[in-house]
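A short write-up of the structure that comes next.
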Amino acid sequence: MPLLLRGASLLRIYQCSCGLRGANFSSRKPVLTNLNFMRDGMRATYSRKAVSKKTEIKNDEKSVIEEEDAAGSDLEIERVKSDPSQLQSMTVKELRELTRRMGVSGKGTKKDLVSALMDSLGVEGNGKGGKSSSELVSPSEEPLKRKSGASAVVEQNLESSEVISETPSKKRSRTKQKSIKATTLEENSVSNVKINKTSVQKETLVVKGAAPKAGLCPNENSEPWTVLVHKKPQAGWIPYNPKTMRPPPLSKDTRALKILSWNVNGLKALLKSRGFSVQQLAERENFDVLCLQETKMQEKDVEVIKDTLLDGYTNSFWTCSVSKLGYSGTAIISRVKPLSIKYGLGVPDHDTEGRVVTVEFDDFYLLTAYVPNSGDGLRRLTYRVTEWDTSLGNYMKELEKSKPVILTGDLNCAHQEIDIHDPAGNRRSAGFTNEERESFETNFLSKGFVDTFRKQHPNVVAYSYWGYRHNGRKTNKGWRLDYFLVSESIVEKVHDSYILPDISASDHSPLGLILKL
């Protein structure tokens with residue numbers, strides 16, 4: 001090709017230099033024409049070959065990319081099957097893409113997506129399927145949580161709660177020694193304590209015997225709730241330690257009722273995938289009444305599960321969402337037979353999501369409630385604070401005309417700054433907006449209902465909910481969203497109001513109330 005081009009050029013130069021014109025050059029015209037034609041043809045051929053080559057390369061690259069994507073997709077699914085806890089660190093977009101690849105329905109909130117994927121994977125909490133999505137714990141705890149053996153005997157070496165105030169500092173070294181003030185419950189004196197942050201994170205787990213059952217934090221050295229984690233701690237605040245802060249048990253001749261409340265974040269998933277049963281909770285706590293929220297049950301499933309859920313608790317009352325199946329849902333399970341039962345608030349606009357059950361006992365009304373979350377983008381905030389909270393508060397006051405009232409459940413509001421680890425960073429987050437906190441004050445506390453835990457522990461930093469993302473439970477970056485609110489007339493009968501943070505089979509921990517009768 002270059003030679004032909006050069007030949008055509010030389011002929012043109014020769015023509016000009018020799019002054020060939022007319023008939024003298026006529027014999028060379030066919031040659032030049034043929035050369036030009038050959039040049040143009042070879043250019044076109046060369047161009048077509050180049051384009052064809054590029055197309056082949058692109059097709060090969062596309063094929064390789066598609067094969068890599070397919071292999072990557074299969075690999076990602078296998079990774080999720082082997083460790084379902086990865087689902088909690090994925091975004092909603094990633095979860096929906098994963099549900100599409102696996103052929104699972106990808107609708108609803110992040111919790112719904114995770115639950116659907118967990119059900120699709122059929123992961124068992126105490127088998128090789130690995131840890132469930134709700135059991136996000138430190139690496140040292142994982143082998144213990146994946147096996148459901150007999151209960152363990154644990155060496156307890158921690159004598160007092162360690163207090164660490166978490167303050168943002170970009171320049172601070174991870175291993176820098178911090179001098180802070182630690183206050184214990186037994187001593188009113190304040191002493192300076194130096195704690196190495198790295199040493200706190202590297203906890204040594206010493207267990208004798210079989211591993212503890214899944215859904216339970218295994219020992220005291222791995223009790224993150226005993227560390228004060230708060231971005232704006234106030235003087236006098238101390239971390240929650242139920243082992244030292246609960247009062248002595250009542251004498252056997254004192255009549256009392258023990259009530260437990262728990263947002264289980266899907267009851268079927270709890271029983272199937274998380275290796276922890278409600279029966280275990282009953283054997284450990286020996287409660288009289290259990291209130292559940294966010295059961296995510298459908299009416300067709302209730303009859304099957306309620307007969308096998310708990311031995312000795314013959315009275316159970318369930319309400320399920322009918323507007324959105326497998327969503328919300330509440331229940332009360334009791335050894336004591338109530339005088340009456342009511343479902344909902346009596347307001348049709350509020351009663352399609354199965355959020356309230358009320359039972360009447362001799363001395364009081366007991367309500368379990370799952371208050372609507374304001375949602376992503378606070379889309380339900382106005383409904384929540386102007387309609388739902390108002391209706392619930394008015395309903396409670398109406399009941400109170402005949403008997404004292406106890407409200408328990410996930411109320412989806414961290415009332416004060418002490419109730420959330422990062423108040424400044426969550427001003428516009430659902431559950432800590434000014435509107436929700438003011439509504440909580442107006443519709444419940446100002447109407448005479450008392451937050452029993454805060455009354456018993458005014459300066460204690462304690463959380464009942466830890467988000468799955470960023471290992472919230474492991475780092476104790478939580479919220480207190482679950483409550484027992486009681487009428488002022490019976491507040492002095494409350495012997496104990498407490499949280500069970502070591503039960504980690506849900507993103508919420510159970511809380512309890514012991515009421516003297």
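Here the structure is a predicted model, which means the values were calculated and not measured.
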Verify the neighbour count for atom CG of Asp376: are there more than 12 heavy atoms of other residues, nucleotides or ligands below 6.0 Å? no
Over all atoms of both residues, closest heavy-atom pair of [X] and [Y]:
X: Glu353; Y: Ser323; result: CG-OG, 3.6 Å
X: Thr368; Y: Ala331; result: CG2-O, 3.7 Å
X: Leu310; Y: Gln279; result: CA-OE1, 3.4 Å
X: Met245; Y: Val460; result: SD-CG2, 4.0 Å
X: Ala430; Y: Ser374; result: CB-CB, 3.9 Å
X: Pro501; Y: Ile499; result: CD-O, 3.0 Å

Full working for side chain to side chain contact (heavy atoms under 4.5 Å, CB included) between Val302 and Cys320: CA-CA 9 Å; Val302 170; Cys320 305; 3.7 Å; yes
Would you say the side-chain atoms of [X] pair up with the backbone N or O of [Y], donor to acceptor, closer than 3.5 Å?
X: Asp351; Y: Gly346; answer: yes
X: Glu400; Y: Val405; answer: no
X: Ser487; Y: Ile490; answer: no
X: Ser328; Y: Arg355; answer: no
X: Asp422; Y: Gly425; answer: yes
X: Gln234; Y: Lys232; answer: yes

Identify every side-chain donor-acceptor pair in residues 413-420 under 3.5 Å, counting partners at least two apart or on other chains, and give the distances.
| unit_1 | atom_1 | unit_2 | atom_2 | d |
| --- | --- | --- | --- | --- |
| His415 | NE2 | Glu441 | OE1 | 2.9 |
| Glu417 | OE2 | Arg427 | NH2 | 2.5 |
| Asp419 | OD1 | Arg454 | NH2 | 2.6 |
| Asp419 | OD1 | Arg480 | NE | 2.9 |
| Asp419 | OD1 | Arg480 | NH2 | 3.4 |
| Asp419 | OD2 | Gln416 | N | 2.9 |

So do the side chains of [X] and [Y] get within less than 4.5 Å of each other, counting heavy atoms only?
X: Phe364; Y: Val486; result: no
X: Thr475; Y: His421; result: no
X: Asp311; Y: Glu283; result: no
X: Val491; Y: Phe449; result: no
X: Asn434; Y: Arg437; result: yes
X: Thr408; Y: Leu513; result: no
X: Leu500; Y: Trp262; result: no
X: Glu223; Y: Asp502; result: no

Can you list everything that forms a side-chain hydrogen bond (donor to acceptor under 3.5 Å, both in side chains) with Ser316? Sequence neighbours excluded, please. Trp318
Starting at [atom1] of [X], measure out to [atom2] of [Y] and round the result to the nearest 0.5 Å.
X: Leu485; Y: Leu411; atom1: CG; atom2: CG; value: 5.5 Å
X: Phe317; Y: Leu292; atom1: CZ; atom2: CG; value: 13.0 Å
X: Ile406; Y: Leu366; atom1: CD1; atom2: CG; value: 6.0 Å
X: Phe484; Y: Asp496; atom1: CZ; atom2: CG; value: 10.5 Å
X: Glu294; Y: Asn373; atom1: CD; atom2: CG; value: 9.0 Å
X: Ile305; Y: Gln298; atom1: CD1; atom2: CD; value: 12.0 Å

If we count only N and O atoms by modelled type, under 3.5 Å, do the side chains of [X] and [Y] hold a donor and an acceptor together?
X: Asn443; Y: Ser439; result: yes
X: Gln456; Y: Ser497; result: no
X: Asn265; Y: Lys296; result: yes

Specify whether [X] and [Y] have parallel, tilted or perpendicular ring planes, treating 30° as the upper limit for parallel and 60° as the lower limit for perpendicular.
X: Tyr465; Y: His508; result: tilted
X: Phe444; Y: Phe440; result: perpendicular
X: Trp479; Y: Phe432; result: perpendicular

Check each of Lys337, Arg335, Lys258 against Asp288 using the salt bridge (charged side-chain N to carboxylate O under 4.0 Å, His left out) test, and report the only one that passes.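 Checked Lys337, Arg335, Lys258 against Asp288; only one passes salt bridge (charged side-chain N to carboxylate O under 4.0 Å, His left out): Arg335.
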Check Arg384, Arg380, Lys447 against Asp389 for a salt bridge (charged side-chain N to carboxylate O under 4.0 Å, His left out) and give me the one that passes.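 Per the salt bridge (charged side-chain N to carboxylate O under 4.0 Å, His left out) rule, the option paired with Asp389 is Arg384, out of Arg384, Arg380, Lys447.
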Is Asp363 paired with Arg255 through a side-chain N to carboxylate O contact shorter than 4.0 Å?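 So Arg255 does not pair with Asp363 through a salt bridge.
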Taking only Lys NZ, Arg NE, NH1 and NH2, and the carboxylate oxygens of Asp or Glu, determine whether Lys306 and Glu303 approach each other closer than 4.0 Å.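 Answer for the salt bridge query: yes.
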Assess the residue pair Phe361 and Ser334 against the criterion (side chain to side chain contact (heavy atoms under 4.5 Å, CB included)); give the C-alpha distance rounded to whole Å, side-chain angles, the decisive distance to 0.1 Å, and a yes or no. CA-CA 11 Å; Phe361 292 115; Ser334 176; 3.9 Å; yes
Starting from the C-alpha separation in whole Å, work towards a yes-or-no answer on side chain to side chain contact (heavy atoms under 4.5 Å, CB included) for Val322 and Glu299. CA-CA 9 Å; Val322 294; Glu299 292 180 354; 3.8 Å; yes
Do the numbers put Lys477 on top of the ring of Tyr463, so that NZ or CZ is under 6.0 Å from the six-membered ring centre and no more than 45° off the axis?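 No, Lys477 does not lie over the aromatic ring of Tyr463.
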Quick test of your reading: applying ring-ring contact (aromatic ring centres under 6.0 Å, His included), list the pairs with at least one residue in residues 377-414, sequence neighbours left out, ordered by first then second residue. His350-Tyr383, His350-Trp388
Go through Lys403 and Leu339 one step at a time and tell me if the side chain to side chain contact (heavy atoms under 4.5 Å, CB included) criterion holds. CA-CA 13 Å; Lys403 288 181 181 180; Leu339 303 177; 3.6 Å; yes
Using the side chain to side chain donor-acceptor pair (under 3.5 Å) rule, pick out the option among Tyr240, Trp466, Trp225 that qualifies with Asn476.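 Going through the options one by one, the only one that passes is Trp466.
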